[in-house]
Amino acid sequence: MAMDKRQFLKTSGTLVAGSMLSHLMGDEQKGAGRTNWSGNYRYSTDRLHTPKSVAEVQQVVKSCDKLRALGTKHSFNGIADSRANQISLQHFDEMNIDPKARTVTVGAGVKYGQVAPYLYQHGYALHNLASLPHISVAGACATATHGSGNKNGNLATPVAAVEIVKADGEVVRLSRERDSDRFHGAVVGLGGLGVVTKTALNLQPAFDMRQVVYLNLSFDQLEHHLDEIFGSGYSVSLFTDWQNHRATQVWVKSRVMPGDNLAIPREFFGAKAATRKMHPIGDHPAENCTDQLGMPGPWYERLPHFKMNFTPSSGDELQTEYFVPREKGYEAILAVEKLRDHITPHLFVTEFRTIDADDLWMSTCYQRKAMTVHFTWKPEWAAVKQVLPMIEEQLAPFDARPHWAKLFTMKPARVQSTYAKLPEYRALLKEFDPTGKFRNEFLQANIYGV
Ligand SMILES: Cc1cc2nc3c(=O)[nH]c(=O)nc-3n(C[C@H](O)[C@H](O)[C@H](O)COP(=O)(O)OP(=O)(O)OC[C@H]3O[C@@H](n4cnc5c(N)ncnc54)[C@H](O)[C@@H]3O)c2cc1C
């Protein structure tokens, strides 16, 4: 087939850029069929750039018409995908503590599992962690990844400053102190504003924690005690299979001080203390999980559910999560419970958590204290995608927001209607990326689609 001039220029431009950039490409670009961590999503390009300096990032950004940043590949949908080029900052592994500012600045390749022990060694802590330490700080903040705790904001809330390479290759630094508006739009940036090269996080003094697991808590207890139950520890998670109107496990993670009474109360709102270590998914090996049974340890070895050097969760799985206003948490649980017999056959486990409200425009907790309803599904997408619209219909009266990095089927217009600052975020995208270099199909659909 003959090529017209436009097609020729487009193709030859790619080839020129390709040869100029070949030295910045990682090994992965050679293998076909690159997937995300769980293997449920196949990326649409084999072109992965792996620069080693900010200057090289600028060079990649300037040379590509289309580009998307990639973290540790733990998202379940196409949010990190590109049909043309991806860029990984895996070589950006610097970590610098500023004791005066009480911050740590981490390169975009740094994972929580790397920075957390480093901070503990130096007497510091982050306020919270996700269920696993394997993910990058940059990727987690970009999608408003969260842990749990009535008074804990998501993992993007301690961001004090961020450095981004914009579409034109310019390096921009935004800080909470100096740039309030653009900063609030950029931190949960969904990868759309550019390539984050480093992030500064606020620190607090190191602390120790312990976790205790309780078994079989009736949902009836949540009707009048939801806040109390989620507030009974620093970070609390409830797990369920949706059968028998009860949480199968309650994980209570508490801060401990020297001299605290470490006796374990045997009962918790009618649930009984576990006498052996548990995995949230009944038949999975508990050795993958962080220590339980009330044994004290560093904050970073208790806040995540899973240990760094072990497979988190199930491995071969799908995930979905919805954020509802916390005060409607119990009603939302009852609404989803009606679907239990559609859900349970395809489910590994559901988890409920709470997160504090924040002021980051595209955060799933923007100006809303949240409770989340999370699903770890078996790898049965054909069946799961039939169940998701049913769950979304049940949660519609609660203006549920789906997790940006997980699987959902909600119409874009519905997602957009829950974000008051969407017009401002779109304006920021236009300012940082006027030609849509970082706009992939996920952003096109969910931020601009109907
Ligand atoms: C087993 C498992 C457990 C999980 N547990 C939790 C949990 O407890 N809580 C929770 O909220 N989520 C959880 N998640 C979801 C996970 O936290 C998110 O998918 C998170 O975004 C993953 O980070 P990542 O580094 O893998 O980013 P990726 O998936 O690689 O990318 C995610 C987004 O970040 C952007 N991005 C990455 N790096 C940069 C950069 N340098 N500059 C600009 N943008 C960038 C990408 O473009 C993309 O939009 C879990 C996922 C798995 C697989």
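All figures in this text were calculated on a predicted structure; none of them were measured in a lab. Both ligands and their constituent atoms are indexed starting at 1 by order of listing.
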Between Asn128 (side chain) and Ser148 (backbone), is there a donor-acceptor pair under 3.5 Å?
yes
Mark up the atoms of ligand 1 that fall under 4.0 Å of a heavy atom belonging to Ala142, in ascending order.
34 (O), 35 (C)
When you check the side-chain N and O atoms of His49 and Asn85, is any donor under 3.5 Å from an acceptor?
yes
Using distance alone, decide if ligand 1 has a nitrogen or oxygen within less than 3.5 Å of any nitrogen or oxygen in Ala138.
no
Checking heavy atoms under 4.0 Å, the part of Thr143 that sits near ligand 1 is side chain
Determine, considering heavy atoms only, which of Cys141, Gly192, Ser131 sits nearest to atom 6 (C) of ligand 1.
Ser131
What class does the angle between the rings of Trp299 and Phe207 fall in, given that below 30° is parallel, 30 to 60° is tilted and above 60° is perpendicular?
tilted
Got a sec, which residues hit side-chain contact (heavy atoms from CB on, under 4.5 Å) with Ala332, two or more places apart in sequence or on another chain?
Val324, Leu395, Phe398
Is a side-chain donor or acceptor of Arg368 paired with a backbone partner of Phe323 at a separation under 3.5 angstrom?
yes
Consider every N or O of Ser136 and every N or O of ligand 1, then say whether any pair is closer than 3.5 Å.
yes
Taking 4.0 angstrom as the limit and counting only heavy atoms of Ala130, give me the atoms of ligand 1 inside it, by number and element.
7 (C), 8 (O), 9 (N)
side-chain contact (heavy atoms from CB on, under 4.5 Å) filter on Asn202, not counting sequence neighbours, yields Thr103, Pro158, Ala160
Kindly confirm or rule out an N or O of Lys73 lying under 3.5 angstrom from an N or O of ligand 1.
yes
Between Leu132 and ligand 1, find which residue part has any heavy-atom pair under 4.0 Å and reply side chain, backbone, both or neither.
side chain
Using a 4.0 Å cut-off to any heavy atom of Leu190, which atoms of ligand 1 qualify?
49 (O)
Check whether any side-chain N or O of Arg302 sits under 3.5 Å from a backbone N or O of Met295 as a donor-acceptor pair, and report yes or no.
yes
For atom 2 (C) of ligand 1, which candidate among His374, Gln319, His305 holds the nearest heavy atom?
Gln319
Between Arg176 and Asp359, does any side-chain N to carboxylate O distance fall below 4.0 Å?
yes
Check for me whether Phe438 has a heavy atom closer than 4.0 Å to any atom of ligand 1.
no
Give the numbers and elements of all ligand 1 atoms closer than 4.0 Å to a heavy atom of Val195.
42 (N)
Got a sec: does the CD of Glu441 have more than 12 other heavy atoms crowding it under 6.0 Å?
no
Numbered atoms of ligand 1 (with element) below 4.0 Å of Ala108, judged on heavy atoms:
41 (N)
Counting heavy atoms only, which of Lys406, His74, Glu351, Arg68 comes nearest to atom 22 (C) of ligand 1?
His74
Look at the side chain of Lys166 and the backbone N and O of Val172, then say whether any donor-acceptor pair between them is shorter than 3.5 Å.
no
Does NZ belonging to Lys411 count more than 12 external heavy atoms closer than 6.0 Å?
no
Does Ala144 reach ligand 1 with a nitrogen or oxygen that is under 3.5 Å from one of the ligand's nitrogen or oxygen atoms?
no
Under 4.0 Å from a heavy atom of Arg353: which atoms of ligand 1 are those, numbered in the order shown and with their elements?
7 (C), 8 (O), 9 (N)
Short version for Trp404: what comes under 4.0 Å of ligand 1, heavy atoms counted, is neither
Contact partition for Trp37 relative to ligand 1, non-hydrogen atoms under 4.0 Å
side chain
For Tyr425 and Tyr419, what are the C-alpha separation, side-chain angles and deciding distance, and is it a ring-ring contact (aromatic ring centres under 6.0 Å, His included)?
CA-CA 10 Å; Tyr425 174 65; Tyr419 287 92; 8.9 Å; no
Heavy-atom proximity to atom 18 (C) of ligand 1, picking from Leu318, Ile87, Thr145, points to Thr145
Under a 4.0 Å threshold between the charged nitrogen and the carboxylate oxygen, would Arg182 count as salt-bridged to Glu431?
yes
At a 4.0 Å threshold, what atoms of ligand 1 neighbour a non-hydrogen atom of Thr72?
24 (P), 25 (O), 26 (O), 27 (O), 30 (O)
Suppose I only count heavy atoms of Gly194 and a 4.0 Å limit; which atoms of ligand 1 are within that range?
42 (N), 43 (C)
Ser38 near ligand 1, heavy-atom distance under 4.0 Å?
no
